[in-house]
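In what follows, every chain begins at residue 1, and chains take the letters A, B, ... in the order their sequences are listed. Note that the structure is predicted; figures quoted are calculated from it, not measured.
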Amino acid sequence: MPDAAQPSQTVLLHRALYMQQAIKEAAETFADFASFAITRQGPHYAVAIADIDAEADGDVVAEFCNFALFNTMQKKRRKVQAVA
Amino acid sequence: MTQTTGTATQHTIETCNAATSTVTLALEMGLYPTEVLYGAAYIFIDRAFVLLDKDEGQGRIGRWLVHLRGKTPLDDQQLRALSGEFGNELLSQALRRKIVKQNQKLIEEITTQAIAGAAGGTLPTDFLATDDDGMDFLDDPLGIAVPWEEKFKKKKDEPAPEAKP
């Protein structure tokens, strides 16, 4: 789990569990509070998060992870519904 | 390391750190499909920061790793309670999934009947055009689209109706 105190961090999101598009959308949501760079690193998406706004209310990195997960769930559910 | 074992479930607390309010659970991949994992994570997303990961496991069955961090500071006992609740939610999601799978046909049938009933007994097949009436969607044979003012406009030479006493 990412540490809130770090000014820049890298989060590893497993490709089997997180969708790239979902991560991108989460990054767009938090673009005002930090800068995000998404790369592939083995079985993970490595999200380098820099320039984290120190004055932002709450934990930007952890909230970003929650958003990426929520977006993934939504997208996967839509995919299943479309198939059905 | 604490191990919680149920009749149909097994989850292990890998790490529990009250200083950072984090707890990491390890779940057997064979027991929990991703939909179940997502379902449980969704329930906890408003109470905790959730990060999912996969431990591929060399020479053994892979595991899901669930990292939970409380949105408010949590002590050791609260973290263990949180992980227990997550385990319960996993079970609940797994059961829900099983029931839905078992009753899929019945659910679909009831839903179709309900929709057909709401549509006045009209079935989707009724909307399939069998014969073309040669009309465009802009055609208005009944004059429904004509504004009221135009329809009931007085003609200039038409006398005004007499007022009743």
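B:Phe44 is connected to B:Leu79 through a chain of hydrophobic side-chain contacts under 4.5 Å among Ile, Leu, Val, Met, Phe, Trp and Tyr, so both are in one cluster. In the hydrophobic clustering of this structure, A:Met19 does not group with A:Ile23; members are Ile, Leu, Val, Met, Phe, Trp, Tyr whose side-chain heavy atoms approach within less than 4.5 Å, directly or through other members. Both A:Phe70 and B:Leu37 are members of a single hydrophobic cluster when ILVMFWY side chains are connected at heavy-atom separations under 4.5 Å.
The pair B:Lys71-A:Asp59 does not count as a salt bridge, with every side-chain nitrogen at least 4.0 angstrom from each carboxylate oxygen.
Across every non-hydrogen atom of A:Tyr18 and B:Tyr38, the tightest pair is N-OH, 4.4 Å.
When the shell of 6.0 Å around CD of B:Gln77 is examined, it contains 12 or fewer heavy atoms from other residues, nucleotides or ligands. For A:Lys75, the NZ atom sits in a packed shell: over 12 heavy atoms of surrounding residues, nucleotides or ligands are nearer than 6.0 Å. Other residues, nucleotides and ligands place no more than 12 heavy atoms under 6.0 Å from the CG atom of A:Asp57.
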Practice problem: For A:Val61 and B:Phe49, run side-chain contact (heavy atoms from CB on, under 4.5 Å): C-alpha distance rounded to whole Å, both residues' side-chain angles, the deciding distance at 0.1 Å, then the answer. | Solution: CA-CA 10 Å; A:Val61 180; B:Phe49 296 116; over 6 Å; no

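Contact annotation for residues 26-42 of chain A against chain B (heavy-atom separation below 4.5 Å): no residues qualify.
Taken to the nearest 0.5 Å, the CE atom of A:Met73 stands 4.0 Å off from the CD1 atom of B:Ile45.
Between A:Leu13 and B:Leu51, the closest side-chain pair of non-hydrogen atoms falls below 4.5 Å. Here the side chains of B:Lys54 and A:His44 are not in contact, with every heavy-atom distance at 4.5 Å or above. Between A:Leu12 and B:Asp53 there is no side-chain heavy-atom pair separated by less than 4.5 Å.
Remark: B:Arg47 engages B:Glu85 in a salt bridge (Lys or Arg N to Asp or Glu O under 4.0 Å) (not counting sequence neighbours). Under the rule for a side chain to side chain donor-acceptor pair (under 3.5 Å), the partners of B:Glu35 that lie at least two apart in sequence or sit in another chain are B:Arg97.
Within the structure, no pair that satisfies the side-chain hydrogen bond (donor to acceptor under 3.5 Å, both in side chains) test touches residues 62-72 of chain A, not counting sequence neighbours.
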